[in-house]
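This report concerns only the one structure given below.
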Amino acid sequence: MDYKKLADLLFPDVKYTKEDLEKKYPPRNLKPGAIVTRFAPSPTGFLHIGSVFTCLVANNIAKKSDGVFILRIEDTDQTRKVENGVKNIIQGLNRYDIKFDEGVDEEGNDYGDYGTYTQSQRKDIYMAMAKYLVSEGKAYPCFCDDETAERDKAIQEANKELTGYYGSYAHCRDLTLEEVEANLKQGKKFAIRLKCNSSADHKIVMEDAIRGTLKLSDNFNDVVILKRDFLPPYNFAHACDDHFMRVNLVLRGDEYIPSIAEHLQIFDALGFERIKYAHIAPIQKMEGASKRKISKRKDPEANVTFYLEEGYPVESVKEYLYTVANSNFEDWRKNNPDLTCDNFVVTADKMSKSGALFDLPKLNDVSKNIISTFDAQKVYDLCLAWAELYDKSFAKILKDNKDYAIKVFSIERGTAKPRKDIAKWNETKSAFGYFFKELFAPKSLEDYAYNLEKFDKETIKKIVDKYVGVYDNEPDNQTWFAKIKTLGTEFGFADDMKAYKANPEAYKGHYGDVASMLRVAITGKANTPDLYQICTLLGKDEVVSRLKLASELLK
RNA sequence: GCUUCCUUCGUCUAGUGGCCUAGGACGCUGGCCUCUCACGCCGGAAACAUGGGUUCGAGUCCCGUAGGAAGUACCA
């Protein structure tokens, strides 16, 4: 069979030869050890938290090795394309400080020397390489239609045979030149399949950067490398693109592990040097008693917009993702409390082989720590930015009371032991809302967090009433506290903790209990920062009027 | 069904044949500190899926079983 002739017949006008392309996209001149990798999303517009995770890792590995990080758009499945899909993905990633060295910008324009970076525009390359394979006798045109494929699959299933296009089911594998010509004349469309020379019982061994040695069954299928629309499926695009973009580490989800054998066959047929792989386990989620991949349909937290809406700072999400990526991150953090998390160096072989469960409580803990390191101005700015998108009325209050709000956020901040009371901005209102007159409006006893099991409301009312009479703008914390202690003793509360602990029966409670009652009376809440500072900020008039209101509602 | 991967406290994990009486973090919990709430500090409960090997010795190596996950497309 004259394969050259066949190739020319199939692809009469192809722009490049393999040599042209090798020359056009020469090996990169990078320092040894530099990693060239890429993120290759479909432009569906949906940014999955797992994608951010993978990207964060890929970006880190590329940048730390003085390598290159590429954004490639995989849009060969034209049916899944979405308006603004690329833009949404880029913007989403930018928020997490993920920037590409080469790729496509928000408008869809290329930058970098190894483009174009949009697969649907790389048709010439795929066709050239497909033609090359045909001319080498390594690939052939397949004229089978979908019905044939379905029928064969049904037969194979009924016979309990392996499903696929192989052996006697590879109808077009041995077509003669004349038969191909005849089909072409009839206007029959064709796809290109790779001639496979292996079988399922042949095992292959490969080294994965995360998994270590992987033993897999070889591919036995004559896989499609060019679809009827002459666009490649993932497998062929992956080989051509990653080779000609001179990628040297493929980081991708572990759902690709079963198709590694197929990919390796394609690389070999093409005469490309094999590339290193790192297969990342997906982030999982608990459903009932079993784990499953976090799903874009069922789980709101799969979408990055979830973190935006809840008001998690990007630093928090990144910090958390790094803890999932490499467990030694937390040790690193302990030793480098002041560095930003992007200074950490991710190592592929320290990544987990099994999928990590997304742990929201852990994220919250991480986030509380992160926010506790922010200064008041930053808290204000970020909280306001969040509120302007998701809580307009709160945003207005923050803007109308800017200086006051910053004072509120300053309480016990910037100290050696900063407060850790918020994990995300949507908690700010409930944590600090009572500072603002607009947001403090208790209507009944239920709006107060009194511990009525410990103390009855008559006791509380007596104390509140008494305090209204004695409260003043105290000059300092000590004076303020002394007053509370003295007041407590009048009602049988201890003013000395040790004395109380030594003999709790002798007292009704201790000064802490008194402070707690007043705290609730003034703020409505049981957990707040230093009450003295709160009262100072609120001012005497407001404190007194709140105490009176509390007294009223305690009746 | 077939193929492949994975399996250590509730969760994330450390662990590369003796340092493991299995370490850390989150969560839960007891206490201490304290000028109130927190923070912080100290402590506690809590795990090697299972059965066989190999070995003087196994969480670690091998085989089987179970469970979970993924793939099985002219999707990616």
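Lettering follows sequence order; numbering is per chain, from 1. Reckoned from all heavy atoms, side chains included, excluding hydrogens, waters and symmetry mates. Everything numeric in this text was worked out from a predicted model, so none of it was measured.
Spacing between atom OH of A/Y277 and atom C1' of B/rU4 amounts to 16 Å, rounded to whole angstrom units. Taking atom CZ of residue A/R333 and atom P of nucleotide B/rC26, one finds them 15 Å apart after rounding to whole Å. Taking atom CG of A/L360 as the reference point, atom C1' of B/rG27 lies 13 Å away to the nearest angstrom. We find that CD1 of A/I260 is positioned 9 Å from C1' of B/rU4, with the value rounded to whole Å. Note: CG (A/D254) to C1' (B/rA69) measures 8 Å, nearest angstrom. Straight-line distance from the CG atom of A/D365 to the C1' atom of B/rC26: 6 Å, rounded to whole Å. Per the geometry, CD belonging to A/E255 stands 11 Å off C1' belonging to B/rC75, to the nearest Å. Here the C1' atom of nucleotide B/rC35 and the CD atom of A/E474 are 14 Å apart, to the nearest Å.
The closest side-chain heavy-atom distance from A/E474 to A/D472 is below 4.5 Å. Counting heavy atoms from C-beta outward, A/F432 and A/I422 have side chains that approach closer than 4.5 Å.
For the C1' atoms, the distance linking B/rU13 with B/rU7 amounts to 13 Å, nearest Å. Spacing between B/rU21 and B/rA47 at atom C1', rounded to whole Å, works out to 15 Å. B/rC19 and B/rG64: their C1' atoms are spaced 32 Å apart (whole Å). Taking atom C1' in both B/rG24 and B/rA46, the straight-line distance is 14 Å, to the nearest Å. The gap from the C1' atom of B/rG57 to that of B/rG18 amounts to 7 Å, rounded to the nearest Å. One P atom belongs to B/rU16, the other to B/rC42, and the distance between them is 27 Å to the nearest Å. Taking the P atoms as reference points, B/rU50 lies 33 Å from B/rU72, given to the whole Å. Taking the C1' atom of each, B/rG30 and B/rU36 are spaced 22 Å apart, rounded to whole Å.
For the residue pair A/D208 and A/H279, a side-chain donor N or O sits within less than 3.5 Å of a side-chain acceptor on the partner.
A/A281 comes within 4.0 angstrom of no nucleic acid atom, judged by non-hydrogen atoms across all strands. As judged by a 4.0 angstrom heavy-atom cut-off over every strand, A/K353 is placed among residues touching the sugar-phosphate backbone only. Looking at heavy-atom distances under 4.0 Å, A/P361 makes contact with sugar-phosphate atoms alone, never a base. Nucleic acid contact class of A/K525 (heavy atoms, under 4.0 Å, all strands): none. Among the atoms of the strands shown, only primed sugar atoms or phosphate atoms (P, OP1, OP2) are found under 4.0 Å from some heavy atom of A/Y511. Within 4.0 Å (heavy atoms only), A/D530 reaches at least one base atom of the nucleic acid. Note on A/P418: only backbone sugar-phosphate atoms sit closer than 4.0 angstrom, heavy atoms only; bases stay farther off.
Glycosidic conformation, B/rC39: syn, with the torsion inside 90° of 0.
Here B/rU72 is the nucleotide among B/rU4, B/rU72, B/rC39 with the atom lying nearest to any side-chain atom of A/T163. When distances run from any side-chain atom of A/Q478 to the nucleotides B/rC35, B/rG27, B/rU36, the shortest one goes to B/rC35. Among B/rA76, B/rC33, B/rC2, the nucleotide with an atom closest to any side-chain atom of A/K501 is B/rC33. The nucleotide whose nearest atom lies closest to any side-chain atom of A/K203 is, among B/rG71, B/rU4, B/rC74, B/rU4. For A/K215, taking side-chain heavy atoms from C-beta onward, the closest of the listed nucleotides B/rA14, B/rC74, B/rC5 is B/rC5. Nearest to the side-chain atoms of A/L531 among the listed nucleotides B/rU36, B/rA76, B/rU13 stands B/rU36. Among the nucleotides B/rG40, B/rA14, B/rU36, the one closest to the side chain of A/S327 is B/rA14. For A/V224, whose side chain is taken as the heavy atoms from C-beta onward, the closest listed nucleotide among B/rC74, B/rU36, B/rC39 is B/rC74. Considering only the side chain of A/D359, B/rU11 comes nearest among B/rG24, B/rU36, B/rU11. Nearest nucleotide to the A/K498 side chain, out of B/rC39, B/rU34, B/rU36: B/rU34.
Separation of the A/F481 and A/Y511 ring centroids falls under the 6.0 Å cut-off. Here A/H238 and A/Y277 bring their ring centres to under 6.0 angstrom of each other. Aromatic rings of A/Y169 and A/Y165 (six-membered ring for Trp) have centroids beyond the 6.0 Å cut-off, not under it. Aromatic pair A/F491/A/F493: centroids not less than 6.0 angstrom apart. Ring centroid separation for the pair A/F11 and A/F230 comes in under the 6.0 Å cut-off.
Under 4.0 angstrom from either OP1 or OP2 of B/rA76 there lies at least one side-chain N or O belonging to A/K227. Phosphate contact (OP1/OP2 of B/rC35, side-chain N/O of A/N477, threshold under 4.0 Å): absent. Between A/Y234 and B/rC75, a side-chain N or O to OP1/OP2 separation shorter than 4.0 Å is absent. Side-chain N/O atoms of A/S217 include one lying less than 4.0 angstrom from OP1 or OP2 on B/rU4. Side-chain nitrogen and oxygen atoms of A/T76 include at least one within less than 4.0 Å of the OP1 or OP2 phosphate oxygen of B/rA76.
Annotation: cation-pi pair A/R546/A/F440 present, NZ/CZ under 6.0 Å from the ring centroid and within 45° of its normal.
Across all strands shown, B/rG40 is found opposite B/rC32 as a Watson-Crick or G-U wobble partner, with both distances under 3.5 Å. Base pairing of B/rC56 is made with B/rG18, judged by Watson-Crick or G-U wobble geometry with both donor-acceptor distances under 3.5 Å. Summarising the base pairing, B/rA46 is matched to no nucleotide, lacking a Watson-Crick or G-U wobble pair whose two defining distances lie under 3.5 Å. Across every strand in view, B/rU11 sits in a pair with B/rA25 that passes the Watson-Crick or G-U test at under 3.5 angstrom. The partner of B/rA69 is B/rU4, judged by Watson-Crick or G-U wobble contacts that both fall below 3.5 Å.
For a distance-only test at 3.5 Å, the side chain of A/R211 fails to qualify as a donor-acceptor partner of the base of B/rC5. Side-chain atoms of A/R228 come within donor-acceptor range of the base of B/rC74, with a qualifying N/O pair under 3.5 Å.
With respect to the salt-bridge test (charged N to carboxylate O, under 4.0 angstrom), the residues A/R122 and A/D241 qualify.
A residue-by-residue look at A/K362 and A/S352 shows that A/S352 has its nearest nucleotide of RNA chain B further toward the 5' end.
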